Amino acid sequence: MDRYLVFGHPVRHSKSPFIHTLFARQTQQELEYGLAEPAIDEFAHALRTFFDQGGKGCNVTVPFKEQAFTLVDRLSPRAKRAGAVNTIKLTDDGVLLGDNTDGAGLVADLKSHGVTLADSRILLLGAGGAARGALAPLLAELPSELVIANRTHTKAQQLAAEFCDLGPVTAQTYEQLAGPFDLVINSTSASLQGELPPLAPALIHTDIAIYDMMYGASDTAFISWAKQHGARQTMDGLGMLVEQAAEAFTVWRGIRPGTKQVLRELKRNLGVI
C-alpha cells in the first residue's frame, strides 16, 4: 500500500491524516497516511529514510517548510515563488518534486465562500512564510491592488519588491493604511496567542470580507474583533487546510477529491458544528 506522511514538530495535533483518509476513501485510492515528528536537526535524515523505504509522498509543516525547499531535487514554479515546500512527491523517474499548495488552498477557499478577488483591493497582514506562499496565487486572480502591512515594515517592502512583477503589490505601514479594502487576510500567527495585529477599527466596514489563516473550535481573536467592528463576512483557515490538502492529494494521485463533505466532517471532528 502506498505510504504518505506529514512531517512537523510538533505534529500530533495535525488533522492531515483525518483529511487524507477521507480523500482516499472518497476517491477509492489505496493508501495510508501517518505522522512523523523528527527532532529539528533530524528532518533531512528522516525525509531521506522515508523515501528510501518506499514512501510515495509527504506533507511538510512548521518548522520544516524552508528546509524541505533545499532538500528536494526539483521545485514547482509556485514552490520557487513561495520559498518553501509543503508537499513532496516521488515521481516515476525517482525525482523528489517539491511543491507548495498553501496559496492555491487559500484562493480555493475564498472562492468557495463567494469572495470576488478580481478587481478587488486586498490587504494582507504579515510578511512571513504564510504571506509569501499566498502572494502569487492571489495576484494571479488580478486584484486591483494588494497591500502588505507588517509590524517590521522593511520585511513588507522586501516582499512587495520581490512580487511586484506579478501584479500591483505595495507595502504600507499600519499607520499608512487607508480604506476601503474589499478583503483583509491575516497571515500572522497573532491569533494563536489571542493577540491582534495593530489594525485600525475604522478600516472595518459591513461589506468587507475578513479571513484569518488560523482556526480553532471558536472564533479567532481577529475574527471576533472584526465582527465587533461590523464585519459581516468572516472566515477562518480551516477551509484553507482542507483545500491545500486536496491540492496536495491531486499532485500525488492525479485525481482531485471533493472538499465540501470532508470539511463538514472535519468541523464535526473539531466540535465546530
Side-chain angles (χ1 to χ4, degrees), residues 1-40 42-80 82 84-106 108-109 133 137 238-270:
M1 185 177 289
D2 291 345
R3 292 174 53 233
Y4 296 85
L5 284 178
V6 55
F7 285 94
H9 192 102
V11 80
R12 278 162 286 184
H13 66 286
S14 174
K15 296 301 178 183
S16 292
F18 181 87
I19 294 168
H20 284 286
T21 297
L22 292 180
F23 284 161
R25 189 180 305 160
Q26 176 196 122
T27 57
Q28 299 181 314
Q29 297 285 298
E30 293 288 329
L31 61 86
E32 60 179 33
Y33 189 107
L35 301 170
E37 191 175 286
I40 303 299
E42 293 179 0
F43 170 62
H45 175 71
L47 185 70
R48 283 194 298 269
T49 300
F50 170 66
F51 283 107
D52 287 346
Q53 294 177 350
K56 294 294 185 181
C58 65
N59 289 126
V60 182
T61 187
V62 176
F64 299 129
K65 291 183 183 183
E66 287 76 20
Q67 197 175 344
F69 182 87
T70 68
L71 294 173
V72 296
D73 302 313
R74 195 166 72 226
L75 293 164
S76 70
R78 57 190 179 184
K80 285 181 183 177
V85 161
N86 81 330
T87 299
I88 301 175
K89 175 185 179 179
L90 180 65
T91 67
D92 292 339
D93 54 356
V95 169
L96 288 186
L97 172 66
D99 201 354
N100 191 302
T101 65
D102 286 331
L106 169 65
D109 192 37
L238 196 61
M240 176 182 171
L241 176 69
V242 175
E243 293 290 351
Q244 67 80 23
E247 187 78 9
F249 193 93
T250 307
V251 170
W252 294 329
R253 309 300 294 186
I255 182 171
R256 187 168 193 90
T259 55
K260 290 183 179 179
Q261 181 60 35
V262 173
L263 180 56
R264 283 195 293 271
E265 292 295 330
L266 181 58
K267 286 181 177 180
R268 288 192 189 98
N269 179 264
L270 290 170

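Numbering of residues begins at 1 and proceeds along the displayed sequence. Predicted model only: the values in this text are computed from it and were never measured.
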Which distance, rounded to the nearest 0.5 Å, do you find between the CZ of Arg256 and the OG1 of Thr250?
4.5 Å
Return the minimal non-hydrogen interatomic distance between Phe64 and Pro38, and the atom names on each side.
CZ-O, 3.7 Å
Please confirm whether the backbone N or O of Phe18 pairs with a side-chain atom of Thr21, one donor and one acceptor, at under 3.5 Å?
no
At what distance, to the nearest 0.5 angstrom, does CG of Leu266 lie from CG of Leu241?
6.5 Å
In plain terms, say whether Glu247 and Arg78 are close enough for a salt bridge, that is, a side-chain N and a carboxylate O under 4.0 Å apart.
yes
One pair to check against side-chain contact (heavy atoms from CB on, under 4.5 Å): Phe249 and Ile255. What are the steps and the verdict?
CA-CA 7 Å; Phe249 193 93; Ile255 182 171; 3.9 Å; yes
Is the closest side-chain heavy-atom distance between Asn59 and His20 below 4.5 Å?
yes
Which heavy atom in Ala245 sits nearest to a heavy atom in Ile19, and how many Å separate them?
CB-CG2, 3.8 Å
Pairwise distance CD(Glu243) to CG(Asp109) - rounded to 0.5 angstrom:
6.0 Å
Just by distance, no angles: are the side chains of Ser76 and Asn100 close enough, under 3.5 Å, to form a donor-acceptor pair?
no
Compare all side-chain heavy atoms of Val60 with those of Phe43 and state whether any distance is below 4.5 angstrom.
yes
Say whether, by atom type as modelled, one donor and one acceptor occur between the side chain of Asp2 and the main chain of Leu31 under 3.5 angstrom.
no
Can you tell me how far the CD atom of Glu37 sits from the CG atom of Leu5, to the nearest 0.5 Å?
12.5 Å
Could you tell me whether the side chain of Phe23 reaches within less than 4.5 Å of the side chain of Gln29, counting heavy atoms only?
no
Asp92 atom CG: more than 12 heavy-atom contacts under 6.0 Å:
no
Heavy atoms of Glu66 and Ala84 approach each other most closely as OE2-CB, 4.1 Å
How long is the straight-line distance from CZ of Arg264 back to OG1 of Thr259, given to the nearest 0.5 Å?
9.5 Å
Answer yes or no: is there a side-chain heavy-atom contact under 4.5 Å between His9 and Ile40?
yes
What are the two closest non-hydrogen atoms of Val6 and Pro17, and how far apart are they?
CG1-CD, 4.5 Å
Look at the aromatic rings of Trp252 and Tyr4 and report parallel, tilted or perpendicular, splitting at 30° and 60°.
tilted
Hey, does Leu35 have a side-chain heavy atom less than 4.5 Å from the side chain of Ser14?
yes
With a 6.0 Å cut-off (strictly less than), is the heavy-atom count around NZ of Lys15, excluding the residue itself, greater than 12?
yes
Might you point out which heavy atoms bring Ala104 and Pro137 nearest each other, and give the distance in Å?
N-CG, 3.9 Å
Hey, does the side chain of Asp73 reach the backbone of Leu96 with a donor-acceptor pair shorter than 3.5 angstrom?
yes
Pairwise side-chain contact, Arg253 with Thr27, heavy-atom cut-off 4.5 Å (strictly under):
no
Decide yes or no for Ile88 and Phe7: does some side-chain heavy atom of the first lie under 4.5 Å from some side-chain heavy atom of the second?
no
In the structure I gave you, are the side-chain heavy atoms of Val62 and Pro10 within less than 4.5 Å of one another anywhere?
no
What distance do Lys89 atom NZ and Arg74 atom CZ have between them, rounded to the nearest 0.5 Å?
9.5 Å
Please name the pair of heavy atoms, one in Ala36 and one in Val11, separated by the smallest distance, quoted to 0.1 Å.
O-CG1, 3.6 Å
